[in-house]
Visitor: 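So that we are looking at the same thing, I have put the structure below in structure tokens.
Numbering of ligands and ligand atoms starts at 1, following listing order. Quick caveat: nothing in here was measured; it's all calculated off a predicted structure.
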Amino acid sequence: MNTVEFHNVTKKRKGFSVENLNITIPKGYITGFIGPNGSGKTTTIQMMMNILQLDKGDIKLFGTSHKEHQVKQKIGFVYDDLYMYEEFTIKKMKSFIAPFYETWNEELFQDYLAKFELPLRKKLKHFSKGMKMKCSLLFALSHEPEFIVMDEPTSGLDPIFRRELLDHLQELMVNENQTIFLSTHITTDLDRIADYIVFIYHGKVIFQKSMEELQNQFHIIKGKTDMIDADTKELFAGLQKTDMGFNGLFEGDPSIFDPYGEEIIIENATLEDIMYFMTRKGN
Ligand SMILES: Nc1ncnc2c1ncn2[C@@H]1O[C@H](COP(=O)(O)OP(=O)(O)OP(=O)(O)O)[C@@H](O)[C@H]1O
């Protein structure tokens with residue numbers, strides 16, 4: 001069962017478009033959404049949240065149209081930028097937000113408030129970037145959503161809280177009904193917690209795979225530069241050459257390099273390697 005399904009979704013913006021997006025977000029897992037700056041992550045998330053209209057295609061949330069008002073109840077949405085009134089305090093925000101959710105859990109809200117060390121009576125305009133992110137998380141998590149959507153949740157957070165947040169998200173997954181979709185530039189965060197990865201580039205989905213598939217399918221191959229010619233170059237999804245040697249991203253069974261013996265080093269590719277090599281200029 002999938003929590004979200006994008007079917008051939010297209011959206012044209014000035015000088016940019018996302019085209020024919022087919023994305024599935026499986027229920028009960030953490031799916032990471034990666035891609036370089038301006039590749040269409042926020043656009044995609046805004047369409048899913050019905051903030052932005054689609055030009056073509058359709059999106060299903062919990063099996064129904066994403067425009068269905070009732071589905072919002074089940075979603076905890078964390079923005080990279082806080083869409084809240086800067087003049088408000090958390091106390092005031094709560095008086096507006098809590099009544100909207102049938103599943104609002106006041107005890108949980110109080111727990112998170114203490115855990116995130118947020119002030120109840122300070123105006124949001126005086127919050128730091130990290131505090132705003134925590135505040136967005138506080139409201140998103142306090143109504144016990146079945147589906148948590150996060151756009152760059154770890155940006156602006158210090159390394160300690162970032163780690164705590166990731167650990168916390170993993171704890172939430174113990175509950176089988178929970179599904180998480182998070183976009184990030186910090187791919188090392190996903191190396192730790194993600195089950196699936198969707199990779200978007202220039203508005204197109206390059207791949208959607210499980211972490212296990214990625215680990216099995218992608219490797220970094222290192223060797224001497226003179227081993228690269230017109231034919232061997234074709235083997236790589238991305239290549240970097242220096243006087244010291246080459247690094248190449250290889251997709252497939254790396255045993256084809258066995259005949260090279262010790263002339264070649266084969267390493268597991270990280271998400272950062274994959275994103276870097278697949279988006280290198282001239283690639
Ligand atoms: N309101 C808008 N109107 C027109 N174009 C926009 C608008 N917002 C974003 N864009 C364009 O859409 C493209 C994709 O932006 P988007 O924010 O979706 O990418 P992103 O992958 O989330 O980037 P980042 O990682 O930098 O946040 C960019 O070229 C941007 O200039």
Side-chain angles (χ1 to χ4, degrees), residues 4-25 30-59 61 66-67 75-84 86 128-137 140 147-159 162 165-166 169 179-194 196-209 214 238 270-283:
V4 183
E5 290 181 6
F6 278 64
H7 299 286
N8 299 315
V9 171
T10 292
K11 173 80 191 174
K12 292 197 187 327
R13 303 187 114 169
K14 231 182 185 169
F16 174 82
S17 58
V18 288
E19 280 172 49
N20 275 317
L21 291 187
N22 286 295
I23 297 174
T24 54
I25 303 176
I30 299 182
T31 299
F33 194 27
I34 63 169
N37 285 127
S39 51
K41 299 183 296 298
T42 299
T43 304
T44 304
I45 289 175
Q46 287 182 344
M47 288 193 291
M48 180 163 79
M49 296 305 297
N50 198 24
I51 296 167
L52 204 59
Q53 293 286 317
L54 323 182
D55 291 342
K56 281 189 207 147
D58 69 277
I59 301 174
L61 279 174
H66 73 302
K67 292 185 178 166
I75 303 176
F77 188 18
V78 183
Y79 281 80
D80 61 347
D81 211 355
L82 202 64
Y83 281 67
M84 294 180 179
E86 294 267 292
S128 70
K129 197 166 181 239
M131 285 165 83
K132 285 181 181 171
M133 184 51 84
K134 286 180 184 180
C135 180
S136 184
L137 272 167
F147 179 36
I148 300 170
V149 182
M150 303 172 142
D151 196 357
E152 295 284 345
T154 51
S155 67
L157 297 179
D158 66 62
R162 212 174 92 212
L165 169 66
L166 296 172
L169 292 180
T179 303
I180 297 177
F181 186 65
L182 79 144
S183 81
T184 184
H185 290 119
I186 310 172
T187 52
T188 46
D189 286 351
L190 296 175
D191 285 322
R192 288 186 51 215
I193 64 162
Y196 291 90
I197 299 293
V198 178
F199 178 21
I200 189 171
Y201 184 44
H202 287 327
K204 295 201 177 73
V205 173
I206 304 295
F207 63 67
Q208 164 152 14
K209 290 180 190 290
L214 289 173
T270 62
L271 283 175
E272 190 173 305
D273 292 328
I274 296 170
M275 193 158 96
Y276 171 73
F277 279 103
M278 292 186 107
T279 58
R280 262 172 71 84
K281 283 201 173 67
N283 195 29

Visitor: Check ligand 1 against T43 and write out every atom of the ligand that is under 4.0 Å from a heavy-atom position of the residue.
Guide: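 Heavy-atom distances to T43 below 4.0 Å select 14 (C), 15 (O), 16 (P), 18 (O).
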Visitor: Just distances here: any N/O of G40 and N/O of ligand 1 closer than 3.5 Å?
Guide: yes
Visitor: What are the atoms of ligand 1, with element, lying closer than 4.0 Å to any heavy atom of S39?
Guide: 19 (O), 20 (P), 21 (O)
Visitor: Go through it in stages, so that I can follow the logic: the residues are F199 and T279, the test is side chain to side chain contact (heavy atoms under 4.5 Å, CB included), and I'd like the CA-CA distance, side-chain angles, deciding distance and then a yes or no.
Guide: CA-CA 11 Å; F199 178 21; T279 58; 3.7 Å; yes
Visitor: So is G35 close enough to ligand 1, meaning a heavy atom under 4.0 angstrom away?
Guide: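 G35: no contact with ligand 1 (<4.0 Å).
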Visitor: For F16, is there any backbone N or O sitting under 3.5 Å from a side-chain donor or acceptor partner on K11?
Guide: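 Checking the backbone N and O of F16 against the side chain of K11, no donor-acceptor pair under 3.5 Å is found.
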Visitor: For atom 17 (O) of ligand 1, which of the options I200, T42, T44, D151 provides the nearest non-hydrogen atom?
Guide: T42
Visitor: Would you please classify the geometry between the F147 ring and the F181 ring as parallel, tilted or perpendicular, with 30° and 60° separating the classes?
Guide: tilted
Visitor: Going by the order shown, which atoms of ligand 1 are within less than 4.0 Å of some heavy atom of H185?
Guide: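 Counting from 1, the qualifying ligand atoms are 25 (O).
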Visitor: Which option, K41, Q46, H202, K12, owns the non-hydrogen atom nearest atom 25 (O) of ligand 1?
Guide: K41
Visitor: Thinking salt bridges, do K132 and E86 make one under a 4.0 Å N-O criterion?
Guide: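 E86 and K132: salt-bridged.
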Visitor: What is the minimum heavy-atom distance between M133 and P153, and which atoms define it?
Guide: CG-O, 3.1 Å
Visitor: Does P36 come within less than 4.0 angstrom of ligand 1, counting non-hydrogen atoms of the residue?
Guide: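 Contact check P36 vs ligand 1: positive.
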Visitor: Answer whether the closest heavy-atom distance between the side chains of E152 and H185 falls below 4.5 Å.
Guide: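 In contact.
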